Undergrad: 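The structure follows.
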Amino acid sequence: MGTRGEQADASRGPNEHSRPRTSASQTLPHSRAADSSQPGVGGLAMSRAASFLGPVAAVIVTTLGLMIPGVTIPAALLLTAGLCVLAIVVSPRGWASAPAVYLAFFAAFHAALLLLVSFGWGRGSQSWETLDWLSADALLGAARILLVAETGLAWGLCLASAMLRRPARLHDPTPERRLTLVGGTLLTLGLVSFLVVFVQVRGWTLFGGGYEQWRTAAANAVVSSSVILLLIMFGMVLLAAGGPGRARTRGFIGFGVWALVLLLLGNRSEVVVPMASVLVVIARQRRLRFRWYYLGVAALALTAASWVRVVRTDDPGQLLGVGPLSGLAEMGSTLRTVIESWRWHTVFNEPFVGWRTYWRLFGKILPGQGPVESDPNVFNQTIMERSGPIGGSPVAEAYHSAGMTGAFIVLFVVGVLLVAMELWPASAFSNAAVGGLLAILLLWVRNDFTPVLSEVMMLTVLIGIAWLLPRPHHDRAGPASARAAGLRSRETTVQWPAEG
């Protein structure tokens with residue numbers, strides 16, 4: 001007689017000997033087992049605790065910063081860092097989630113300059129005072145506005161995280177070739193359009209000559225640079241959401257070549273935004289682990305950005321040479337838009353314009369409304385006329401509209417939207433929507449609200465076109481074709497030992 005285990009083995013059929021024994025926790029498909037992981041870096045308990053403590057901590061830090069001038073800038077920096085950590089903790093996908101990527105982007109463009117000023121970097125033979133907009137009072141005023149805006153962002157993130165339901169599925173690698181087709185077409189149109197404009201304006205003669213030179217030369221080109229950006233940006237997002245394959249690889253290579261040319265022409269945001277959005281899309285397809293060498297990659301990227309800043313006009317990076325700190329300074333010059341907005345309403349005592357800068361977008365379809373481009377209440381027009389093409393900021397625009405209340409409300413809404421995007425269950429089409437919406441929000445960090453509505457409508461139409469296309473035959477074939485493509489997670493079945 002054999003042992004009881006041998007008898008159990010003998011009682012099983014010949015095909016069952018090759019099947020590995022698994023625990024009861026392995027009865028679910030592997031993809032669903034991965035999706036059941038707790039949200040955030042510390043699990044559900046830490047996420048819930050952060051959702052409760054985050055708003056309280058933000059209010060305390062902001063109150064101290066507003067009441068004590070000596071701690072205003074340190075409080076703004078502390079709150080910015082805390083928000084970046086908070087976004088990772090409350091997000092199921094951690095560092096590669098939509099809230100975390102947005103907060104990193106927001107912090108780099110709004111708080112980097114405050115960090116450099118606090119540590120005195122850049123002071124030397126050429127003083128910070130050579131930049132007439134960068135004064136101590138202006139920095140304090142901008143830091144106070146930033147504190148209130150970030151408090152609204154913290155409340156939006158935490159309340160939405162506490163109230164919205166957690167997704168049952170965090171990752172979905174299922175391919176969707178309709179998105180690949182539409183995304184690849186858009187990306188190809190964008191790259192070809194850029195090539196036409198590049199040849200038309202003899203772009204190779206503008207390498208290293210300055211962003212403003214490229215901008216001026218491309219202003220009268222056959223295709224608008226903003227249209228090219230949207231084609232490439234949405235093309236990359238939809239191509240990434242369609243799943244891995246040769247088409248996506250070729251598209252990414254084409255984007256890389258375009259990005260290199262654009263960096264040589266002095267542009268940066270049009271390269272970073274699609275890359276950040278694609279990162280979030282891929283993180284919704286499979287789990288991405290953070291590697292410490294990513295920090296070195298970030299430092300190299302900032303160094304590249306410091307080279308790009310030589311094409312910028314009036315930016316603080318000129319005081320730091322080439323390197324990561326110079327890249328941070330150049331990106332952080334977005335704070336100037338907040339400073340300008342603070343001056344209009346604090347130094348010159350101009351009244352706030354109200355919410356017209358937001359709902360005025362409907363002026364093209366409402367009767368009796370003049371063109372948006374000539375409305376002085378629209379933030380983009382005001383900043384262009386008074387300070388030149390220095391971009392925009394959701395914080396500066398909200399303060400221009402309704403003061404501190406406006407800054408809190410607008411960023412609160414952004415925080416809620418980010419968490420809602422993060423908690424949207426993963427699928428090919430939801431991944432495309434989240435990536436596209438994130439790209440729009442990232443562009444808004446450096447601009448005003450004017451193009452947001454039209455960009456959302458364009459994204460909706462493009463995803464709708466992909467949805468209406470007939471599914472390719474191999475996508476309709478069902479699970480067998482998915483397994484053949486290597487994109488379906490394997491299932492394991494429990495084999496309980498027989499009773500002897």
Side-chain angles (χ1 to χ4, degrees), residues 39-41 47 50-51 54 58 76 79-112 146 149-161 164 233 236-237 240 268-284 288 290 294 298 301 331-332 334-335 338 391-398 407-424 430-449 451-452 455-456 459:
V41 295
S47 176
S51 299
L79 184 55
T80 302
L83 272 176
C84 293
V85 175
L86 179 66
I88 296 175
V89 172
V90 302
S91 300
R93 297 172 187 87
W95 71 276
S97 64
V101 170
Y102 179 87
L103 261 298
F105 205 78
F106 181 90
F109 281 95
H110 285 84
L146 191 61
E150 290 183 337
T151 301
L153 194 53
W155 276 74
L157 289 172
C158 293
L159 290 183
S161 177
L164 296 180
M233 182 178 73
M236 284 288 291
V237 168
R268 175 207 57 233
S269 297
E270 295 182 8
V271 174
V272 175
V273 170
M275 292 175 61
S277 303
V278 167
L279 171 68
V280 170
V281 170
I282 295 177
R284 294 175 63 87
L288 296 181
F290 180 80
Y294 292 168
M331 297 173 69
T334 297
L335 190 67
V338 183
S393 159
V395 178
E397 184 177 24
F408 181 92
I409 292 175
V410 170
L411 271 296
F412 173 85
V413 173
V414 171
V416 172
L417 180 59
L418 287 170
V419 173
M421 291 161 51
E422 170 64 9
L423 299 184
W424 195 348
S430 69
N431 295 347
V434 169
L437 289 174
L438 178 64
I440 294 170
L441 291 176
L442 293 180
L443 285 179
W444 187 17
V445 169
R446 284 285 291 116
N447 294 281
D448 72 331
F449 189 73
V452 169
E455 291 167 355
V456 171
L459 175 65

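It should be emphasised that the depicted structure is a prediction, and the values quoted were computed from it without experimental measurement.
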Undergrad: Can you name the ring-ring contact (aromatic ring centres under 6.0 Å, His included) partners of Trp424, sequence neighbours left out?
TA: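 None.
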Undergrad: Over all heavy atoms of both residues, which pair between Ala58 and Thr151 is shortest? Give the atoms and the distance, please.
TA: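 That would be O-OG1, 3.8 Å.
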Undergrad: Tell me every residue that passes side-chain hydrogen bond (donor to acceptor under 3.5 Å, both in side chains) with Ser161, counting only those two or more places apart in sequence or in another chain.
TA: Ser51, Arg166
Undergrad: For Trp444, does the CH2 atom have more than 12 heavy-atom neighbours from other residues, nucleotides or ligands under 6.0 Å away?
TA: yes
Undergrad: Are side-chain heavy atoms of Leu159 and Val416 found at a separation under 4.5 Å?
TA: no
Undergrad: Please report the closest heavy-atom contact between Leu423 and Ala160, naming both atoms and the distance.
TA: CD1-O, 4.5 Å
Undergrad: Within the side chain of Ser91, is there an N or O that forms a donor-acceptor pair under 3.5 Å with the backbone of Ile88?
TA: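 Side chain of Ser91 to backbone of Ile88, a donor-acceptor pair under 3.5 Å: no, none is there.
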Undergrad: For residues Val434 and Val281, determine if any side-chain heavy atom of one lies less than 4.5 Å from a side-chain heavy atom of the other.
TA: no
Undergrad: Please name the pair of heavy atoms, one in Leu443 and one in Asn447, separated by the smallest distance, quoted to 0.1 Å.
TA: O-ND2, 2.7 Å
Undergrad: Are any of the side-chain heavy atoms of Leu288 and Leu279 separated by less than 4.5 Å?
TA: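 Answer yes - side chains close enough.
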Undergrad: Which value, rounded to the nearest 0.5 Å, describes the distance between His110 atom NE2 and Leu103 atom CG?
TA: 11.5 Å
Undergrad: Just to verify, what does Thr334 make a side-chain hydrogen bond (donor to acceptor under 3.5 Å, both in side chains) with, not counting sequence neighbours?
TA: Arg446
Undergrad: Applying salt bridge (charged side-chain N to carboxylate O under 4.0 Å, His left out), can you list everything that pairs with Glu397, at least two apart in sequence or on another chain?
TA: none
Undergrad: Among residues at least two apart in sequence or on other chains, which ones pass ring-ring contact (aromatic ring centres under 6.0 Å, His included) with Tyr102?
TA: none
Undergrad: Check side-chain contact (heavy atoms from CB on, under 4.5 Å) between Val85 and all other residues, then give those that pass, not counting sequence neighbours.
TA: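 Partners of Val85 by the side-chain contact (heavy atoms from CB on, under 4.5 Å) criterion, ordered by chain and then number, come out as Val89.
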Undergrad: Which atoms form the tightest heavy-atom contact between Trp95 and Phe290, and what is the distance?
TA: NE1-N, 3.3 Å
Undergrad: Please report the closest heavy-atom contact between Ala50 and Val90, naming both atoms and the distance.
TA: CB-CG1, 4.1 Å
Undergrad: Identify, with sequence neighbours excluded, every residue that meets side-chain contact (heavy atoms from CB on, under 4.5 Å) alongside Ala439.
TA: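 Met233, Val273, Ser277.
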Undergrad: Would you mind reporting whether Leu459 and Val237 have side-chain heavy atoms less than 4.5 Å apart?
TA: no
Undergrad: State which residues pass side-chain contact (heavy atoms from CB on, under 4.5 Å) with Leu417; sequence neighbours excluded, sorted by chain then number.
TA: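 Leu417: side-chain contact (heavy atoms from CB on, under 4.5 Å) contacts with Met421, Leu441.
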Undergrad: Once salt bridge (charged side-chain N to carboxylate O under 4.0 Å, His left out) is applied, what residue pairs with a partner in residues 407-422 remain, sequence neighbours excluded?
TA: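 Listed once each, the pairs are Arg93-Glu422.
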Undergrad: Among Leu411, Leu442, Val101, Leu83, find the residue that satisfies the side-chain contact (heavy atoms from CB on, under 4.5 Å) test when tested with Phe106.
TA: Leu411
Undergrad: Using ring-ring contact (aromatic ring centres under 6.0 Å, His included) as the criterion, list what pairs up with Phe105, not counting sequence neighbours.
TA: Phe109
Undergrad: Using the test side-chain contact (heavy atoms from CB on, under 4.5 Å), find all partners of Ala107 that sit at least two apart in sequence or belong to another chain.
TA: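 Per chain and number, Ala107 pairs via side-chain contact (heavy atoms from CB on, under 4.5 Å) with Thr80, Cys84.
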